[in-house]
Amino acid sequence: PPGPNSAASHQQQHAMYTLERLFEDALRQYGPLTKRGVGYVQVWDAFNRYITDCISKRRTLNVLNFCKIGWRVEGQSQSKTKLRPHFQVADAFVRAHGVDAKHQLPAHDKQLTQVEEFNFSKAAIRFSNCLTKDNIFMGLRALLQHIGQVIATGQQVSLDFEVGKLLSNERAVRFSFNSELYLQEGLVVPSGAQEAADYKPSVSFAPPTQDALKLRLDGNNVDTIREKTATETVYDGAESESTCDPGSLHSTSSGSTKERVQKEAMRRHLAQLGMEASCAVADKEHWEAHVKRCAVEDTRDHDRRKAINKENALHLQMQMQEAETKRTEGRLHCIEQASCHDFPNFAEAPEYAYQYIQEKKNHLKQDLDQQVDMKQLKKHLEKKRNREIDAAHVQASNRETALLKLEAAAKKESERQALTQAWEKDKSIRTVRKNIEEHHRKPPRQAHDMLGPLTDASLANASSPRLSTAGQSSARPVTGSVRRMPLGAAASLALQKQKMKLSATARR
C-alpha cells in the first residue's frame, strides 16, 4: 500500500498548476482558436521551439509583456565569452499581475547576448505547420494572460518548457533551466536546476499521407541514357583491350561510366544554373525597367498635375479680373444713367414752392421744439413726484420712529414705577417684620402701631397711581443690596399670611 509520503506527493502534484490545466482553462475561458481543431497545445509547442532555437544560437528572446529568456554575458575566459542562462520577467507583466520579482537578477540589454524580438510570422511559418500568424498571436496572448492570472492568486505553478521549467509560489516567479545548459558552458550546476526536460514539443511537420506515399518519379529519357551509356561502355572496353590487359577491363569500364555520368550531371547542373542566372538577369532587367517606367509615370503625372494647377490658377485670375471689370462698368453705367435726365431741376421752380418749403421747415421746427418741451416737462414732473414720495416716506418713518421711542419711554417709566412701588412695599414689610421681631426690646406698643408703615405705604400707593408718568422717587437711593430688590409672588403671599395672623392676634 502507498505510504504517507506518496499520498502527500500526489496531493501536492494535484494542487500544482501544470500545462494540462493551463490548456483546459484557456480552452474553457477563451474558446478554440480555429474550427479545424488546432488548439493551444500547438501554440505552446511552436513557442517552445522558438525559444529552443534562440538558445541554441546563443541569442536572447524578448517576448513582449512577458519575459526575456536567453543568455547573460558574465565576462571573458581564455579568449572565450562566458555565458550564463538568464530569465527575466517583464516589468509590464510584474505590474499587471503583482508578481514578486525581488529575487530575480535584472540585466540591461547590453549585458545580454543578441536580443531578438518575438516574431509571430516567423513562429507560424518556421516552427509550425498548421498555424497562422493570427493563431499564434491570439493563442499565446491567451496563455500568457491566464498564466499571469494564476500567478496572481499565489497558487503553485510548474509549467514545462523544453529548456527548463517556469516555477511560481506565492507570486514569486523563477525559471529553472536544464543542467545541460550549464554543463555545456562549463558552469557549476545550481541546486535547483532540472536534470532533464520532461516536456518535448510535437514534431513540426506531420507524417506523410497516403497520397504522398503513392507518388513516384518517372524519367522520360531513361532508355536513351541507358543505350548511350552501354555504347560508350562498349567503345571504352574495345579501346582498352588494345592497351590494357584482360584483367583490368571490368574496372576501367566501370570508372569511365561513372565519370561520364558525373560529367553529364555536372553539365545539366551548370545548364540549369545558367538558365537560373539568365532568368535572374531577365527578372532584374524587367524589374529595373518597371521601376524606370514607374518613375517616368510619376514624373509625367507630377508635371501634368502641375500644369493643371497652373492652368486653374490662371483661370481663377481671369475670373477675378472679369468680375472687377464688370463691377467697374456697372458703376460707370449707373453714373451715366443718372446724368441722362435733369429731374428734379430746382432752378425752374416757382416762388410759392420755396415759400411752401420754408413753411414746412418752420412747422417741423416748431413741432420738434414742442416735443422737446413736452419731454422736459414730463421729466421735471416725474422728478418732482419722486421727491414728494420720498419726503412722505421720510416723514412717515420719522413719525413711526418717534412713536416707537415714546412707547419705549412710557414702558420704561411704567416699569420704573412698578419697581419703585414694589420696593416701597418691600421696605414697609421689612420694617413691620423688624418691629415685630424687636417688640420685646422696646416699650409695649399696640398692633396698629406696628402695622403703621404698611398703612402709610398703602396710602402712598393710593395717592400715586402705578401708571403715572410723574411718580415720586424714594428718598433713599436704590443700592445694589439684595434687600432693595422687589419681592416675588411667593414672598408677597407669605407676607399676606403673616399680616392676617397679626390682625387676628390684635383682635384677641
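With hydrogens and angles left out, the side-chain atoms of Tyr50 and Glu116 include a donor and acceptor closer than 3.5 Å. Judged purely by distance below 3.5 Å, without hydrogens or angles, the side chains of Asn398 and Thr401 never pair a donor atom with an acceptor atom. Inspection of the Thr18 and Ser158 side chains reveals no N or O donor paired with an N or O acceptor under 3.5 Å. Glu162 and Asn48 share no side-chain donor-acceptor pair at under 3.5 Å. Between the side chains of Gln366 and Gln370, no donor N or O sits under 3.5 Å from an acceptor N or O. His146 and Gln29 are linked by a side-chain donor-acceptor pair at a separation below 3.5 angstrom, with hydrogens and angles left out of the test.
The ring pair (Phe, Tyr, Trp, His ring centres under 6.0 Å) search around Phe87 returns Phe175, not counting sequence neighbours. Remark: His86 pairs with no residue by the ring pair (Phe, Tyr, Trp, His ring centres under 6.0 Å) rule, at least two apart or across chains. Considering only residues two or more places apart in sequence or on other chains, Phe137 meets the ring pair (Phe, Tyr, Trp, His ring centres under 6.0 Å) condition with Phe120.
Considering only heavy atoms from C-beta on, Leu166 stays 4.5 Å or farther from Val157 through its side chain. Counting only heavy atoms from C-beta outward, the side chains of Leu61 and Lys68 never approach each other to under 4.5 Å. No side-chain heavy atom of Cys67 sits less than 4.5 Å from a side-chain heavy atom of Phe93. Two residues are said to be in side-chain contact when any heavy atoms from C-beta on lie closer than 4.5 Å; Ile55 and Leu181 meet this criterion. A 4.5 Å side-chain heavy-atom check between Val296 and Thr299 finds every atom pair outside the cut-off. A 4.5 Å side-chain heavy-atom check between Ile136 and Phe118 finds at least one atom pair inside the cut-off. Tyr182 places none of its side-chain heavy atoms less than 4.5 Å from the side chain of Val188. The closest side-chain heavy-atom distance from Met138 to Tyr30 is not below 4.5 Å.
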Under 3.5 Å, which donor-acceptor pairs link side chains of residues 309-322 to any protein atom two or more places apart or in another chain?
{"residue": "Asn309", "atom": "ND2", "partner": "Arg305", "partner atom": "O", "Å": "3.2"}
{"residue": "His315", "atom": "NE2", "partner": "Gln319", "partner atom": "NE2", "Å": "2.8"}

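Using modelled atom types, no side-chain atom of Gln376 and backbone atom of Asp373 make a donor-acceptor pair closer than 3.5 Å. The backbone N or O of Trp71 sits less than 3.5 Å from a side-chain atom of Thr60, completing a donor-acceptor pair.
Glu74 has a carboxylate O that lies under 4.0 Å from a charged side-chain N of Arg72, or vice versa, which qualifies the two as a salt bridge. Salt-bridge formation is not detected for the pair Asp303/Lys306: no Lys NZ or Arg NE/NH1/NH2 atom is positioned less than 4.0 Å from an Asp or Glu carboxylate oxygen. Salt-bridge formation is detected for the pair Lys165/Asp160: a Lys NZ or Arg NE/NH1/NH2 atom is positioned less than 4.0 Å from an Asp or Glu carboxylate oxygen. Under a 4.0 Å N-O distance rule, the pair Arg300/Glu297 qualifies as a salt bridge.
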Worked verdict on Leu144 versus Asn65 for side-chain contact (heavy atoms from CB on, under 4.5 Å): CA-CA 9 Å; Leu144 297 182; Asn65 296 331; over 6 Å; no

Test side-chain contact (heavy atoms from CB on, under 4.5 Å) on Val173 and Leu167 and set out the steps. CA-CA 6 Å; Val173 180; Leu167 304 174; over 6 Å; no

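Within the structure, side-chain hydrogen bond (donor to acceptor under 3.5 Å, both in side chains) contacts touching residues 383-396 (residues at least two apart or in different chains) are Glu382-Arg385. Applying the salt bridge (Lys or Arg N to Asp or Glu O under 4.0 Å) test to every pair with at least one member in residues 132-151, sequence neighbours left out, gives no pairs at all.
Aromatic pair Phe161/Phe177: ring centres not closer than 6.0 Å.
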